[in-house]
Student: 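The following block contains the structure, expressed as structure tokens.
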Number of protein chains: 2
Amino acid sequence: MTIDNKRYEELQQIKLAVDCIIFGFNNNRLELLLIHRGFAPEIGKWSLIGGFIGNDEDLDEAANRVLYGLSGLENIYMEQVKTFGKANRDTSGRVVSTTYSAMILKSEYDEALVSKYNAKWFPIDELPELVFDHRDMVDSAIRRLRRRVRNFPIAFNLLPAKFTLPQLQALYEGILNEPIDKRNFRRKVAQMNYLVKLTEKDMSESRKGAYFYEFDEALYQIEQNFNL
Amino acid sequence: MTIDNKRYEELQQIKLAVDCIIFGFNNNRLELLLIHRGFAPEIGKWSLIGGFIGNDEDLDEAANRVLYGLSGLENIYMEQVKTFGKANRDTSGRVVSTTYSAMILKSEYDEALVSKYNAKWFPIDELPELVFDHRDMVDSAIRRLRRRVRNFPIAFNLLPAKFTLPQLQALYEGILNEPIDKRNFRRKVAQMNYLVKLTEKDMSESRKGAYFYEFDEALYQIEQNFNL
DNA sequence: ACAAAAGTGTTAACCGTACACCCATGA
DNA sequence: TCATGGGTGTACGGTTAACACTTTTGT
């Protein structure tokens, strides 16, 4: 910001916000947490959770604060996605919004907070009508997730620390929205030494039981050859 | 932006800016256009060209306006890269900045404008010290370019409409900063029918002359199998 | 004994990579 | 004729993709 700008700077009346695309995984489906808009404009539609940036707050901090306010969760993995800045995108005033995507564990969020805000989980292929350009925000977050999930070990944020391969595969199928060959999938997993097979089995989903696995972050830092 | 926000909204005093990472290609090297900062703070350092957003201006429009102001070029291919929002990133006040990367043809920009702003081209591996977090901005733009240039036909923005394969290969080597095998490169080019070989040759770079090629946008829209 | 989910190997097609010589031309 | 840069094909190794049966256990 270095050129010919006095006229813009002095009069600038633009609000800056963040909006969070919150992913969860349930019933073998990728889901999004949305809130019901109880006020005008666009009352009755659903929207992402968002908030304005504090004057002394980093943009990333604002996203974390907003997520914490809704879910009660801290230290959640978030990625900045894109900034939406069309002049007329928000019909209630000039607001530029930076989107962040978050992945949370559906077993851990604070249900009381979520219901306080009239929030609800929706499978990503059954989203209701969203306010403003929130649908575009969601679409770009999903595209980004699909791109990144193959090359970075981020999907584990949607599973408990101990997970089984059938769970992991179902998660990938849910995210990518396509079936995956079990044997090819497991071969790749076997090549990643930081996906550690435990001796314990999960007996809750089948009679035979499936071995638990863990993601070992320290080991991953050495190899960094993630590929699924 | 929908929750608990009155306190932030009403008092918000944050300026919103764009900064442009302008790529060019010259002497077989990828270059960046930077301007010399003639005012405090950080006087004497170099910076990206930037500007504040107008109240009724789309974010993308602002980026185009800033680029136009410096280069005199319109309808330039630009991509949003990332938004930088650390509270203390700009020592002169609270400014959040969205970065855009642009690719321009060094033969076409307005040199008078560029020199008016004390701007100068630098090869990307010989950048001077930059103000604030502009170095981070440049790094993320370069990373993004290197990722995207293999899968999308964007590098052609750095070449004239008619270009030769030796030129194109040198461009890719410059962007990726690694040597490329000529025969493998050409085999891939041959698979992309929208890279059309013309009958005309460029005799200016060699005695034998190299055939000109053209990128056919309409044909590309049909196949979209770009891969280099 | 059977239903239900977990687990296991092999083959063929494709893609990326490495590599060396001839061609056309102007000086 | 020679120096300069343009242009061409093949073989190997690794990766991806397709495919069907056995194992374990609770009922």
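Every value quoted in this text rests on a predicted model; they were computed, and no experiment measured them. Labels below follow one simple rule: chain letters A, B, ... track the order of the sequence lines, proteins then strands, and each chain is numbered from 1.
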Student: Of the nucleotides C:dT8, D:dG9, C:dG9, which one has an atom closest to the side chain of B:Arg187?
Tutor: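 From the listed options, D:dG9 comes nearest.
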Student: Rounded at 0.5 Å granularity, tell me how far CD in A:Gln191 sits from CZ in A:Arg186.
Tutor: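 It comes to 14.5 Å.
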Student: How large an angle, rounded to 10°, do the end axes of the helix from C:dA1-D:dT27 to C:dA27-D:dT1 enclose when each is built from five base pairs?
Tutor: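 Here the local axes at opposite ends form an angle of 10°.
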Student: Between P on C:dG26 and NZ on B:Lys201, what's the gap in Å once rounded to a whole number?
Tutor: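 Nearest whole value for this atom pair: 10 Å.
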Student: Roughly how many Å is it from CG in B:Leu228 to P in C:dT17, rounded to a whole number?
Tutor: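 In whole Å, C:dT17 P and B:Leu228 CG are 12 Å from each other.
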Student: Below 30° counts as parallel, above 60° as perpendicular, anything between as tilted: where do the rings of A:His36 and A:Trp46 land?
Tutor: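 Rings of A:His36 and A:Trp46: perpendicular, over 60°.
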Student: Nearest to the side chain of A:Lys188, heavy atoms from C-beta on, is which of D:dG6, D:dT16, C:dA3?
Tutor: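 Out of D:dG6, D:dT16, C:dA3, the nucleotide with an atom closest to A:Lys188's side chain is D:dT16.
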Student: State yes or no: are the ring centers of B:Phe156 and B:Phe215 separated by less than 6.0 Å?
Tutor: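 Yes - the distance between ring centres of B:Phe156 and B:Phe215 falls below the 6.0 Å cut-off.
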Student: Donor-acceptor pair under 3.5 Å: do we get one between B:Lys208's side chain and the base of C:dA24?
Tutor: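 Flag unset: no donor-acceptor pair detected.
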Student: For the pair made of CE in A:Met203 and C1' in C:dA6, what is the distance, rounded to whole Å?
Tutor: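 A:Met203 atom CE is separated from C:dA6 atom C1' by 11 Å.
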Student: Decide, yes or no, whether a salt bridge links A:Lys45 with A:Glu129 under the criterion of side-chain N to carboxylate O below 4.0 Å.
Tutor: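 Answer for the salt bridge query: yes.
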Student: For the residue pair A:Asn225 / A:Tyr220, report whether a side-chain donor-acceptor contact shorter than 3.5 Å exists.
Tutor: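 Not at all, the side chains of A:Tyr220 and A:Asn225 share no donor-acceptor pair under 3.5 Å.
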Student: Any side-chain heavy atom of B:Asn64 within less than 4.5 Å of one from B:Glu74?
Tutor: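 The answer is no, as the side chains (C-beta and beyond) never meet within the 4.5 Å cut-off.
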Student: Using a strict 4.0 Å threshold on nitrogen-to-oxygen distance, state whether B:Glu31 and B:Lys106 make a salt bridge.
Tutor: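 Between B:Lys106 and B:Glu31 there is a salt bridge, with a charged N closer than 4.0 Å to a carboxylate O.
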Student: Specify the separation, in whole Å, of atom CG of A:Asp202 and atom P of D:dT24.
Tutor: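 Atom-to-atom, A:Asp202 to D:dT24, this comes out as 18 Å.
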Student: Would a distance-only check, ignoring hydrogens and angles, find a side-chain to backbone donor-acceptor pair under 3.5 Å from B:Gln167 to B:Thr164?
Tutor: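 Yes; at least one donor-acceptor contact below 3.5 Å.
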Student: In this structure, how many angstroms lie between the C1' atom of C:dC15 and the CZ atom of B:Phe226, rounded?
Tutor: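 About 17 Å, once rounded to whole Å.
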Student: Among C:dT10, C:dG16, C:dG7, which is the nearest nucleotide to the side chain of B:Asn227?
Tutor: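 In terms of side-chain proximity for B:Asn227, the closest of C:dT10, C:dG16, C:dG7 is C:dG16.
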Student: Rounding to a whole Å, what distance do you find between B:Arg186:CZ and C:dC22:C1'?
Tutor: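 Nearest whole value for this atom pair: 14 Å.
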Student: Below 4.0 angstrom, N of the basic side chain to O of the carboxylate: do A:Lys82 and B:Glu79 qualify?
Tutor: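 Judged by the 4.0 Å cut-off on N to carboxylate O distance, A:Lys82 and B:Glu79 do not form a salt bridge.
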Student: Got a sec? Which of residues 160-185 of chain A come in under 4.0 Å of DNA chain C, heavy atoms?
Tutor: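 A:Pro166, A:Lys182, A:Arg183 - these, ordered by number, are the residues of the stretch whose heavy atoms sit under 4.0 Å from the strand.
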Student: Can you tell me the distance, in whole Å, between the CZ atom of A:Arg207 and the P atom of D:dT22?
Tutor: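 In whole Å, D:dT22 P lies 21 Å from A:Arg207 CZ.
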Student: Whole angstroms only, please: what is the CD-C1' distance between A:Glu205 and D:dG26?
Tutor: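 Rounded to whole Å, this separation is 15 Å.
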